[in-house]
Amino acid sequence: MTPGKDPLDRLAEGGLTRMTTRDERTEKPEKPEKPEKPEKPEEPEEPEGDAEPGEGDGAGASDGGSDGEGVSESERLLFGGPLRYDMGWNQHQGSFLELGLRTMVARMPRLIGATIRLAHRADPRALRRVAVAELGGGVAQAVGLVAVNRVLTELLGAGSTAERLRDAVPALVVVAVTASVGALLRSASTAGTGRLEPKVFRVATEEYLERVARVELAAVEDEEFHKLLDSAQWGAESARRMIRFCTSVMTAGIALVAAAGVLTVLHPALLPLLALMTLPSAWSALTIARRRYVSFHTWVQHARAGQLLGRLLIDVQAAPEVRVHNIGPFLLRHFRTMAETGEREQTRLASLAARTGLIASGWTGVATAGAYGVLGLLLWTGAMDLAVAGTAVIAIRTGSANLEALVVQLNYLYEESLFVADLERLCQEADRRLIPETGRPLPAHVKAVHFENVSFTYPGTATEPALDAVNVTIPAGRIVALVGNNGSGKSTLAKLLCGLYAPDEGRILWDGIDSTELDRTELFDRVAVVAQDFYRWPFTARVNIAIGRPDAPHEDELLHAAAEYAGADETIAALPRGWDTLLARGYRGGHQISGGQWQRLGIARARHRDARILVVDEPTSALDAETEQRVFDQIRSLAAAGQTVILITHRLHSVRHADEIYVLEKGRVAEHGTFEGLLRTDGDGPGLFRRMYLVQSEQYRLDAEE
């Protein structure tokens, strides 16, 4: 009997969705698979009765560091409040948390059917091997029990000892043969299951990753979507373990049918007694499973935050500051506080599980005594022969063991199915939020993009709109600069241009066609972005540039041209293995480069994409003055060649050659015009650009004097 993994084990063995910064380049390690775990260690379950986890005695409290609500000081100080999910949309509305025996049995065919379909997609041949082996094993066990009854009948019959032994030999041979066949079939089933599990894991993982990679950006940034993702990401591993539990359920179920059939033949009264012996164990297992699952969902964010603190202590990017500022003891103290909070929840659950198990054991003892009492009564009244009674004892013991194993395995199967159900709900929600794959085609040559009274507020925020009635025109083949203070809406406008968001009000017109009607795939294909926080892929230098157009051939000529354009060719030439150098510390052969070198690679990546519109957001913030001037000269050459450039920058001297400059303030266009026009003292606008430019010029003058 192989128990499933506890929900808190899931968290402790590698954390959930990683809460990392963009500079954290270590990938999430694969969660180790434990082939055998004799007892499921108790983890956070819900409090007694109907109370939710965190509301019971000391749930979530921390000695010397918590308030009356059971929220630790670390949670409030580091994360701004309690890290408990109230279940939100993840609350199963009385369906998946109703772990009653009747509910479980009613749903079992559907759950097993879904798992079988998944296994059939992964490896139909291995699935057939497992099914044949399990069915054959059940038949062998039934034949073996009948043969045992025949052996006992012959041994307890009339005649001399030699005669009785001689008469029992054929039945003994059948017992030996069925035992050998059963062992071979179990071995075949184990091999087939071992082959299926990793394939099912891969198929299930691909199923949700493929969807999540295609959802709208608003879904990725939605807290509720991440709540579901936190639990659903374990669905693939649960689907993998369900293969093993389905096999165990099939094994126990077939063996139980065999034992029950023999008992029914021996005496009909023995079958209900067999069921009564196992009902308490079923109640106990299902009760504990419900507590585990509810607690997992409630504490998932808390456990993830605790894992984050542990990772920060060993993170390569954080390591210098951890040492210089002596942050290690601070992080370790709060890690300990968070861990102790979770430990109290686990302790509470262990106490509840012990009490539940004790009650179930008591009732099981009473039922077992009753079953053997009835068996003795049948013997005493002569309603059953001694040989039949001996077979009945073996069948009862075998049947009760198989029934208990069946209930426990069903419990584990059902518990894992809850996480698979989360995976299914994630896929359904992702399907609902997928980026549309259809739409109107873009014109081959777009003459201009117009923002007409565009307003936009980020989902889930109650703040001022990021953009408010914005009107902007972006002609093809021109350099359009967006300038303004932090939070003025520059980057948001660029995201709407790229099709990452749709406006709440107004329209974005591509040659008169509303962007919401366009084929988004085509729209994405027209745009290349050098974001201010562009991603530093933990791959080779070659892939870091080629990934700008991953579907294109990785031809050296094209990659070299892009690298030379961005000034990244010297960086790559200085790497230990050149283009094949891994740009990720922590891996064999990994190498670390500076922020300015990364920025050159990011610009080269956008150049390799070769899109009609290039959006550059603070493209030179980490570059030296000489390289910065080189980049801006190249940007001008792109516009001269017909490429549209959207330049977002705080360095106002960099927009001198822009064809049009839009100055944004608090989500609105404060003024726009050419560089010379905006600097004129007699202009029509409020003079915001002129004031900002003069402030920067004065600062540059003071820096030069120093």
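- Remark: Ser74 OG to Leu331 CG distance equals 10.0 Å, nearest 0.5 Å.
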- Item | Derivation and outcome, side-chain contact (heavy atoms from CB on, under 4.5 Å), residues Phe335 and Leu312 | CA-CA 10 Å; Phe335 173 82; Leu312 288 175; over 6 Å; no
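- The nearest pair of heavy atoms linking Gly194 to Pro198 is O-CD, 3.0 Å.
- Using bins of under 30°, 30° to 60° and over 60° for the plane-to-plane angle, the ring pair His302/Trp299 lands in the perpendicular bin.
- Here the shortest heavy-atom pairing between Arg588 and Leu582 reads O-CD2, 4.0 Å.
- For Arg211, the salt bridge (Lys or Arg N to Asp or Glu O under 4.0 Å) test picks out Asp431, with sequence neighbours left out.
- Atoms CZ and NE2, from Arg117 and His120 in turn, are 11.5 Å apart once rounded to the nearest 0.5 Å.
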Only pairs under 3.5 Å count here: list side-chain donor-acceptor contacts from residues 356-367, not counting sequence neighbours, and write none if there are none.
{"from": "Thr356", "atom 1": "OG1", "to": "Arg291", "atom 2": "NH1", "distance (Å)": "3.0"}
{"from": "Thr356", "atom 1": "OG1", "to": "Arg291", "atom 2": "NH2", "distance (Å)": "3.3"}
{"from": "Thr356", "atom 1": "OG1", "to": "Leu352", "atom 2": "O", "distance (Å)": "2.9"}
{"from": "Ser361", "atom 1": "OG", "to": "Gly357", "atom 2": "O", "distance (Å)": "2.9"}
{"from": "Thr364", "atom 1": "OG1", "to": "Ala360", "atom 2": "O", "distance (Å)": "2.8"}

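- Considering only heavy atoms from C-beta on, Leu413 comes within 4.5 Å of Cys246 through its side chain.
- Note that CG of Leu229 and CD of Glu429 are 11.5 Å apart. Values are rounded to the nearest 0.5 Å.
- Going from atom CD of Glu237 over to atom CZ of Phe201 covers 5.0 Å, rounded to the nearest 0.5 Å.
- Leu228 contributes atom CG, which lies 9.5 Å from atom CD of Gln428 (distance to the nearest 0.5 angstrom).
- For the pair Leu426/Val212, a side-chain contact is recorded, criterion being any heavy-atom separation below 4.5 Å from C-beta on.
- Every residue two or more places apart in sequence or in another chain was checked for a side chain to side chain donor-acceptor pair (under 3.5 Å) with Thr540, and none qualifies.
- Considering only residues two or more places apart in sequence or on other chains, Arg121 meets the salt bridge (Lys or Arg N to Asp or Glu O under 4.0 Å) condition with Glu207.
- Listed by chain and number, the residues in a side chain to side chain contact (heavy atoms under 4.5 Å, CB included) with Glu221 are Leu217, Tyr501 (sequence neighbours excluded).
- Partners of Arg186 under the salt bridge (Lys or Arg N to Asp or Glu O under 4.0 Å) rule, at least two apart in sequence or in another chain, do not exist in this structure.
- Under the side chain to side chain donor-acceptor pair (under 3.5 Å) criterion, Arg195 pairs with Asp123, sequence neighbours left out.
- Here Arg433 does not pair with Glu216 in a salt bridge; the nearest charged N to carboxylate O distance is not below 4.0 Å.
- Every side chain to side chain contact (heavy atoms under 4.5 Å, CB included) that Glu206 has, sequence neighbours left out, goes to Arg202.
- Checked against side chain to side chain contact (heavy atoms under 4.5 Å, CB included), Ala122 has the following partners two or more places apart in sequence or in another chain: Lys199, Val200, Val203.
- Between atom OG of residue Ser284 and atom CZ of residue Arg355 there is a gap of 11.5 Å, rounded to the nearest 0.5 Å.
- Partners of Arg214 under the salt bridge (Lys or Arg N to Asp or Glu O under 4.0 Å) rule, at least two apart in sequence or in another chain, are Glu210, Glu437.
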- Item | Test side-chain contact (heavy atoms from CB on, under 4.5 Å) applied to Phe225 and Val220, step by step | CA-CA 7 Å; Phe225 189 78; Val220 177; 5.6 Å; no
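- The two residues Thr178 and Ala140 come nearest to each other via the heavy atoms CB-O, 3.5 Å.
- The side chain to side chain contact (heavy atoms under 4.5 Å, CB included) test applied to Ser189 returns Val130, Ala133, Glu134, Thr193, Thr247, not counting sequence neighbours.
- Side-chain contact between Trp537 and Val543: absent, with no pair of heavy atoms (C-beta onward) separated by less than 4.5 Å.
- Counting all heavy atoms, side chain and backbone alike, Ala236 lies closest to Leu423 at N-CD2, 4.0 Å.
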- Apply the test side-chain contact (heavy atoms from CB on, under 4.5 Å) to residues Val143 and Val174: give CA-CA distance (whole Å), side-chain angles for both, the deciding distance (0.1 Å), then the verdict. CA-CA 8 Å; Val143 173; Val174 173; 3.9 Å; yes
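- Heavy atoms only, all atoms of each residue included: Val175 and Ala147 are closest at CG2-CB, 3.5 Å.
- Annotation for Val420 and Ala239: closest pair CG2-N, 3.6 Å, computed over non-hydrogen atoms.
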